[in-house]
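In what follows, chains are A, B, ... by sequence order, proteins preceding strands, each numbered from 1.
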2 protein chains.
Amino acid sequence: MSESTAVARGRRTSRNRGDDRERAILDTAERLLGERSYADVAVDDLARGAGLSRPTFYFYFPSKEAVLLALLDRVVAEARARRDEAVADPAPDVEGRWRQVIGAIAQPFRSHLAVTLAAAEARATSVAVREVWNGVMERFVDETAAQVEAERARGAAPDGPPARQLAIALNWMNERVLHSAFAGEQPGLAADDAVEVLLTVWMRTIYGGRLP
Amino acid sequence: MSESTAVARGRRTSRNRGDDRERAILDTAERLLGERSYADVAVDDLARGAGLSRPTFYFYFPSKEAVLLALLDRVVAEARARRDEAVADPAPDVEGRWRQVIGAIAQPFRSHLAVTLAAAEARATSVAVREVWNGVMERFVDETAAQVEAERARGAAPDGPPARQLAIALNWMNERVLHSAFAGEQPGLAADDAVEVLLTVWMRTIYGGRLP
DNA sequence: GAGTCTGTCAACAGGGTGTCGAGAAACGGC
DNA sequence: GCCGTTTCTCGACACCCTGTTGACAGACTC
């Protein structure tokens, strides 16, 4: 639904103006979300910021929510790409491989903090945002569960509750802990400590055997 | 209009009428939050439901948020009480004790589902709700950290990351996993499975030693 | 140079919040 | 029993926000 832009030199401006406006709205949104909360950014702010009137905004996007979804899509795509990169170039040790995956997913959300926090906020009220978000989580859960099962199959990890159940708990933990760390909430971990602490919980949960 | 109050002759009625109205608003709120989301309940709905006009609502509560906070306080108080009960009457085995605590905290939030989900929704935009919520979490984190340190001191649990960091990760995990379970989100655990799965992660994280 | 897209926006309709000030109702003193 | 004070009630208002409508302007198309 993009990529076909940059149509060389000439006068094929027909779509350019519209694309520029669209990009201006997205840029304005990401900038304003860095300054205040999603709820405090009105459609009028996005329009004005992009040099448009409010009704004109609606020519480009059906709602403020749609702008956020567009921004979120980019971050999600990046997180998936980073994760795939990490998996494609695995560390030699088991712990290092899990660290790679957790860190790779966290990184894009951290570097697009404004979008991440806005999405978390909007998820509370927007069905569409929630669906996108849960879709992302679903995929990470699936992949985690498959990895855990593989580790069990090769005898590296002990049995226990269904791998999928552990994967659900661990992935939601990451989401919540990273959110509170990024948002600077209390109680919360320092953003720089978070991955290591999460990794400890993952390692002990996946590989820790029976208890005393 | 209805109820007619008919409080008979308890003479110190001075505050009764007001208290009744207040309770009617709280009851209406909890009922409506069982039917639709916090955002979809307007102040007018609360007022009408309690047999009042909208401006009169503001005589009793400064905002819709204040109503939610009042409801939330009750649930939080119950969770704290249940937790204290559980601690006061400990199971004989270690795992049983942790199960008691996790289950005791979860139970009131589950039985007041409407308030729990509304608070989670409102937390995204309301500073006051977030503060209450994080205050609750802070206390659970403190208590968890102290327990973990006690287990380490008596040699039952191995060393590792600071107890407080683990406590933060584990408590946020519980919050998020229980929320998704209660809300029926996907991916999510069945509400009846959640405590056992969480318990597994806690046990392995707290007592699981070094890894392969 | 007429027709048709792509943009553009003033004005409107509708729904929400919170406030103000004029009162009605209940009570307590006398 | 009447009277002032406190408690309670609500119509009307001021605001802010969303999303739509309809008239209209510029550019490219043939």
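Under 4.0 angstrom from either OP1 or OP2 of D/dC10 there lies at least one side-chain N or O belonging to B/Ser53. Look at B/Thr56 and you won't find any side-chain N or O under 4.0 angstrom from OP1 or OP2 of D/dC8.
A/Asp44 places its CG atom 11 Å from the C1' atom of D/dC16, with the value rounded to the nearest Å. Atoms CZ (A/Arg54) and P (C/dG14) sit 16 Å apart, rounded to a whole Å. In this structure, the CG atom of B/Leu46 is 17 Å from the C1' atom of D/dT9, given to the nearest Å. Separating the CZ atom of B/Phe61 from the P atom of C/dG18 is a distance of 14 Å, rounded to the nearest angstrom. The CG-C1' distance, from B/Asp19 to D/dC8, rounds to 13 Å in whole Å. A straight line from CZ of A/Phe57 to P of D/dC17 spans 14 Å, rounded to a whole angstrom. Computed from coordinates, the B/Tyr58 OH to C/dG21 C1' distance equals 17 Å when rounded to whole Å. The separation between B/Glu22 atom CD and D/dT7 atom C1' is 14 Å, rounded to whole Å.
Salt-bridge formation is detected for the pair A/Arg110/A/Asp192: a Lys NZ or Arg NE/NH1/NH2 atom is positioned less than 4.0 Å from an Asp or Glu carboxylate oxygen. A salt bridge is defined here as a Lys NZ or Arg NE, NH1 or NH2 lying under 4.0 Å from an Asp or Glu carboxylate O, and A/Glu185 with A/Arg176 meets this definition. The pair B/Glu151-B/Arg97 does not meet the salt-bridge criterion, since no charged nitrogen lies less than 4.0 angstrom from a carboxylate oxygen. Taking the charged nitrogens against the carboxylate oxygens, A/Arg82 and A/Glu78 do have a contact shorter than 4.0 Å, which makes a salt bridge.
Residue B/Pro55 has its side chain nearest to D/dG11 when only D/dG11, D/dC13, D/dT18 are considered. Side chain of B/Tyr60, nearest nucleotide from C/dT17, C/dC12, D/dC8: D/dC8. Here D/dT9 is the nucleotide among C/dT17, D/dT9, D/dC10 with the atom lying nearest to any side-chain atom of B/Phe59. Side chain of A/Arg21, nearest nucleotide from D/dT9, C/dA11, C/dT8: C/dT8. Among D/dC13, D/dT18, D/dC10, the nucleotide with an atom closest to any side-chain atom of B/Leu52 is D/dC10. The side chain of B/Ala42 lies closest to C/dT17 when the candidates are C/dT17, C/dG18, D/dT18.
Ring pair B/Trp98/B/Tyr207 is perpendicular by interplanar angle, where above 60° counts as perpendicular and below 30° as parallel.
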